[in-house]
Amino acid sequence: MKKPAAKLTQRERADRVLPLSTLTIATLEARLYLEQNVPPARPGDLNDPVMVAGFLRDTVVRPALQQLAFLGMSTAHEIVVRNAPWMPENPSIPACPRESRPMFVKPAGLLVGGLLFRYLAALTDQSTNAHRSYLRAAENQTLLLDVDMGGPALQVYLPEPVALAIGHAVATHFVLGKAIA
């Protein structure tokens with residue numbers, strides 16, 4: 001007879017959510033395309049710096065500041081844009097900051113990654129459990145966004161408390177197609 005598995009703590013469940021797997025990202029990208037007619041961006045599709053800056057500001061940074069405000073994050077965030085045709089210099093790939101976690105196992109498409117971050121920020125804001133458990137837990141910490149316009153791809157480096165708050169909300173509400181055991 002099989003022994004029942006030990007029940008995971010809330011922290012252990014939240015810790016298992018991020019980074020999101022390549023399969024989860026591909027599934028969500030396919031669903032966006034099939035259900036919402038949002039195609040993945042190809043290299044060269046997003047060569048307008050005003051459009052990219054607006055997309056990042058409105059889809060990634062603004063939700064982080066508004067919907068995750070209960071975490072107490074700093075309003076200053078670092079955005080590294082690489083391989084952009086409008087930039088004379090090409091910065092190097094940023095390393096994951098200490099005590100941070102990447103949102104994706106490998107960078108997601110810019111559109112899918114941005115929309116997914118926006119969705120998870122909204123889900124986290126709606127989670128009373130995340131509010132209670134992580135209130136002001138990321139005091140003055142910042143996000144690091146790595147945007148590779150050659151992909152175009154996005155990686156979001158989240159401070160550990162932010163990653164755990166998102167993980168807590170996802171694990172509590174059994175989203176992204178599977179329950180987090």
Side-chain angles (χ1 to χ4, degrees), residues 18-20 24-25 28-29 31-33 36-97 99-127 130-131 134 136-167 169-170 175-176:
L18 295 178
L20 295 175
T24 299
I25 296 166
L28 294 170
E29 189 170 57
R31 289 189 69 185
L32 273 174
Y33 179 66
Q36 304 298 322
N37 202 26
V38 177
R42 299 176 308 253
D45 283 354
L46 300 171
N47 281 343
D48 180 358
V50 174
M51 189 285 224
V52 172
F55 176 77
L56 289 172
R57 181 190 64 242
D58 295 341
T59 305
V60 180
V61 175
R62 195 170 282 154
L65 295 176
Q66 293 172 349
Q67 295 170 323
L68 301 177
F70 71 94
L71 293 164
M73 285 190 300
S74 169
T75 57
H77 298 293
E78 184 178 356
I79 300 175
V80 176
V81 179
R82 301 180 290 113
N83 301 316
W86 62 83
M87 293 177 63
E89 295 176 14
N90 188 25
S92 58
I93 298 172
C96 183
E99 299 182 20
S100 289
R101 183 183 301 193
M103 186 167 165
F104 310 108
V105 169
K106 68 178 198 172
L110 183 60
L111 295 176
V112 171
L115 293 173
L116 183 56
F117 181 80
R118 182 182 182 128
Y119 169 71
L120 292 179
L123 179 74
T124 304
D125 188 32
Q126 294 170 7
S127 171
H131 274 264
Y134 298 96
R136 310 223 51 79
E139 195 77 46
N140 297 320
Q141 295 182 29
T142 62
L143 294 175
L144 169 61
L145 303 158
D146 176 28
V147 181
D148 180 2
M149 292 310 299
L154 172 70
Q155 180 63 272
V156 182
Y157 295 103
L158 304 165
E160 189 69 20
V162 177
L164 288 172
I166 290 172
V170 170
V175 295
L176 300 179

Contact summary for [X] and [Y], nearest pair of heavy atoms:
X      : Y      : value
Trp86  : Val52  : CH2-CG2, 3.9 Å
Leu68  : Ala121 : CD2-O, 3.9 Å
Pro102 : Cys96  : CD-SG, 4.0 Å
Ala108 : Gly113 : CB-CA, 3.9 Å
Phe117 : Val60  : CE2-O, 3.2 Å
Leu143 : Ala64  : CD1-CB, 3.4 Å

Less than 4.5 Å apart, side chain to side chain, heavy atoms only: is that true for [X] and [Y]?
X      : Y      : value
His77  : Leu65  : yes
Gln141 : Leu71  : no
Leu56  : Leu110 : yes
Val162 : Tyr134 : no

Atom pair [atom1]/[atom2] of [X] and [Y] - distance to nearest 0.5 Å:
X      : Y      : atom1 : atom2 : result
Met73  : Arg136 : CE    : CZ    : 11.0 Å
Leu158 : Thr142 : CG    : OG1   : 10.5 Å
Asp125 : Ile166 : CG    : CD1   : 11.0 Å
Leu164 : Arg101 : CG    : CZ    : 5.5 Å

Could you list the donor-acceptor pairs under 3.5 angstrom formed between side-chain atoms of residues 144-152 and any protein atom two or more places apart in sequence or on another chain?
{"residue": "Asp146", "atom": "OD1", "partner": "Arg82", "partner atom": "NE", "Å": "2.8"}
{"residue": "Asp146", "atom": "OD1", "partner": "Arg82", "partner atom": "NH2", "Å": "3.4"}
{"residue": "Asp146", "atom": "OD2", "partner": "Arg82", "partner atom": "NH2", "Å": "3.1"}
{"residue": "Asp148", "atom": "OD1", "partner": "Asn83", "partner atom": "ND2", "Å": "2.6"}
{"residue": "Asp148", "atom": "OD1", "partner": "Gly150", "partner atom": "N", "Å": "2.9"}

Self-check item: Flag, side chain of Gln67 to backbone of Thr124, donor-acceptor distance under 3.5 Å
Solution: no
Quiz item: Between the side chain of Gln155 and the main-chain N/O of Met103, is any donor-acceptor distance below 3.5 Å?
Solution: yes
Self-check item: Residues in salt bridge (charged side-chain N to carboxylate O under 4.0 Å, His left out) contact with Arg57, at least two apart in sequence or another chain
Solution: none
